[in-house]
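Heads up, the thing below is written out as C-alpha cells.
All of these numbers come straight from a predicted model, not from anything done at the bench. Letters go in sequence order (proteins before strands), and every chain restarts at 1.
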Protein chains: 2
Amino acid sequence: MDINRTLNDLLVGLFRSITTIEEQSICTGEYRNMTTNDMHVIEAIGTGTPRNMTAVARALGVTTGTLTISMNSLVKKGYVERVRSEEDRRVVLVSLTAKGKRAFEHHEKFHREMIRHVVEMLNEDEKRVLEKSLEGLNGFFRKMQQQSE
Amino acid sequence: MDINRTLNDLLVGLFRSITTIEEQSICTGEYRNMTTNDMHVIEAIGTGTPRNMTAVARALGVTTGTLTISMNSLVKKGYVERVRSEEDRRVVLVSLTAKGKRAFEHHEKFHREMIRHVVEMLNEDEKRVLEKSLEGLNGFFRKMQQQSE
DNA sequence: AAAAATGTTTTGATACTCAAAGCATTTTCG
DNA sequence: CGAAAATGCTTTGAGTATCAAAACATTTTT
C-alpha cells in the first residue's frame, strides 16, 4: 500500500504549503497590513448584503467575542463597515468597504488560480473523479465532526 | 466552468474540516492539555536522534525565539527533553520523552486512519487521479513559493 | 411590567508570533 | 595568540488570536 504513504505525504505537504503560501501571496502589496485571519473574516462577510456578527462568527467557527476583536482591527484598517440595524437595535451589521471588496476579489483570484492550475492538468473524466473524491472526503469529515458533538 | 466553483468550495471546506477535526481528535484524553501547535512541534522533533533548535524551527517555519517559547511549555508538560550539547555548548538538543513519543504515535495514527478512510472509498483509478491532483497542487505551491523568494 | 431571551461588547487569561537585543560559545583571521 | 565576527539560543517588548464568562442594551415572552 505505497499509495497510502504517498497520499499522506502529499496531504501533509499540502497543508503546510497552503497556510504559508496563502499568507505570502495574499498579504502583500496593497494588502500588506492584512493578516490571514483578516482575510478569512473578509471572506466570511462576503460581498452580498450586510451580515450580523453571530452569523459571521458561526461561519468562521469562532465566538462572537473573538469576532468583535477581529472586527475592531478590520474597521480600523478600513476593510469593514459596522452599522447598527434599525429594525433590531441589538444587531450589528457588517459589510465590506470598497477596499474590503478589492481584498476579497484579490483572495478569490488566488483561489481561482490555484484551482485552474490543478484542473488544467486533468481531463473531464478525471475532473469528475476528483470532485467525487473530494465530496467523499468532505462527507467523511462531516460525519466525524457530528460524531464528536 | 461550474466544476471549478465546486472544486474550490470542496477544497476550502476540506481544509477547514481537516484543521478542526485534527485538533478535536488529537488533543483529547491523555493529551488533553496539548495544543495543535504542541502537536506540530512534537511532529517536527520526531522520534529519531535529538535535533537542535534551529533545525526544528526551520522545519516548522518559525523563528527560534518562537520555538523557545513553545519548548518551554512542552518541557513543562513533560513531552520534550532539553539537553545542552557537549560538543558545541551553544547548541541545545531537543528530543521526545516517552510521553512525547506516545503523543507522536497518537498523531501518526490519526493520519493513518484518515488516509485509510479516504483510500477505502476510492478505487484504483480514483486514487491515481487524487494523487495526480494533489501533486498538481503541490507543484502550484512550490512554484508560488519560488516566485516569492 | 417584570422576567427571559437575544445580540454584542468587554474583561481577564492564555497562547503564538515576530523582530530586535542580549548572552554564551565557537570560529576566523590579523 | 587574541580580538573580532559568527553562530545558537533565550529574553524582551509588542501585537494578534483565542475563549469563557460577565456586562450591557434591546427585544420578546409571560
Side-chain angles (χ1 to χ4, degrees), chain A residues 16 19-20 22-24 26-28 31-45 50-95 103, chain B residues 16 19-20 22-24 26-28 31-45 50-77 79-95:
Chain A
R16 172 119 335 132
T19 38
T20 58
E22 193 169 29
E23 168 137 24
Q24 277 174 13
I26 284 177
C27 310
T28 180
Y31 315 103
R32 181 159 302 279
N33 70 341
M34 207 171 50
T35 67
T36 312
N37 184 55
D38 285 345
M39 196 62 254
H40 287 143
V41 176
I42 286 173
E43 201 186 3
I45 295 173
R51 308 185 65 189
N52 64 354
M53 295 291 287
T54 307
V56 176
R58 197 171 37 235
L60 286 167
V62 298
T63 63
T64 54
T66 298
L67 188 60
T68 295
I69 311 263
S70 303
M71 287 302 175
N72 290 345
S73 149
L74 281 167
V75 168
K76 195 153 58 179
K77 289 177 186 169
Y79 290 107
V80 172
E81 210 170 19
R82 245 185 188 135
V83 180
R84 266 227 120 79
S85 162
E86 281 307 318
E87 282 135 48
D88 183 340
R89 300 191 43 68
R90 290 169 303 183
V91 173
V92 170
L93 296 169
V94 289
S95 55
Chain B
R16 168 123 339 131
T19 36
T20 57
E22 190 170 29
E23 168 136 23
Q24 278 175 11
I26 283 178
C27 310
T28 180
Y31 315 103
R32 182 159 300 279
N33 71 340
M34 206 171 50
T35 66
T36 312
N37 185 55
D38 285 346
M39 194 63 254
H40 288 143
V41 176
I42 287 173
E43 200 186 3
I45 295 172
R51 307 185 66 188
N52 63 354
M53 294 291 286
T54 308
V56 175
R58 198 171 37 236
L60 286 167
V62 299
T63 63
T64 54
T66 298
L67 188 60
T68 295
I69 311 262
S70 303
M71 286 302 175
N72 290 344
S73 151
L74 281 167
V75 168
K76 195 153 57 178
K77 289 177 186 169
Y79 290 107
V80 172
E81 210 169 19
R82 245 186 188 135
V83 179
R84 268 228 119 78
S85 161
E86 281 307 318
E87 281 135 47
D88 182 340
R89 301 192 41 70
R90 292 169 303 183
V91 172
V92 170
L93 295 170
V94 289
S95 55

Members of residues 58-79 of chain A that approach DNA chain D, where some heavy atom sits under 4.0 Å away: A:Gly61, A:Val62, A:Thr63, A:Thr66, A:Ile69
Do A:Arg89 and D:dT26 share a donor-acceptor pair, side chain to base, under 3.5 Å? no
Is the phosphate of D:dA6, meaning OP1 or OP2, less than 4.0 Å from a side-chain N or O of B:Arg90? no
Contact under 4.0 Å: B:Asn52 side-chain N or O vs D:dG8 OP1/OP2: no
If every non-hydrogen atom of B:Val80 is compared with every non-hydrogen atom of B:Ile45, which pair is closest and at what distance? CG2-CD1, 3.7 Å
Given atom CZ of A:Arg84 and atom C1' of D:dT26, what is their separation to the nearest angstrom? 9 Å
Interatomic distance, B:Arg82 CZ vs D:dT11 P [rounded to whole Å]: 8 Å
If you round to the nearest 0.5 Å, how far is [atom2] of [Y] from [atom1] of [X]?
| X | Y | atom1 | atom2 | answer |
| --- | --- | --- | --- | --- |
| A:Lys77 | A:Asp38 | NZ | CG | 3.5 Å |
| A:Tyr79 | A:Met34 | OH | CE | 5.0 Å |
| A:Arg89 | A:Arg84 | CZ | CZ | 6.5 Å |
| B:Arg58 | B:Arg51 | CZ | CZ | 8.5 Å |
| B:Thr35 | B:Glu23 | OG1 | CD | 8.0 Å |

A:Glu86 or A:Asp38: which one's nearest nucleotide on DNA chain D is closer to the 5' end? A:Asp38
Which donor-acceptor pairs under 3.5 Å do side chains of residues 66-75 of chain B form with protein atoms, sequence neighbours excluded?
from, atom 1, to, atom 2, distance (Å)
B:Thr66, OG1, B:Thr63, OG1, 3.0
B:Thr68, OG1, B:Thr64, O, 3.0
B:Ser70, OG, B:Asn37, ND2, 3.4
B:Ser70, OG, B:Thr66, O, 3.4
B:Asn72, OD1, B:Arg82, NH1, 3.1
B:Asn72, OD1, B:Arg82, NH2, 2.9

Anything under 4.0 Å to a heavy atom of chain A counts; send over the first and last such nucleotide of DNA chain C, read 5' to 3'. C:dA5 to C:dT10
Would you sort out whether B:Ile26 and B:Thr36 count as a side chain to side chain contact (heavy atoms under 4.5 Å, CB included), showing the intermediate values? CA-CA 8 Å; B:Ile26 283 178; B:Thr36 312; over 6 Å; no
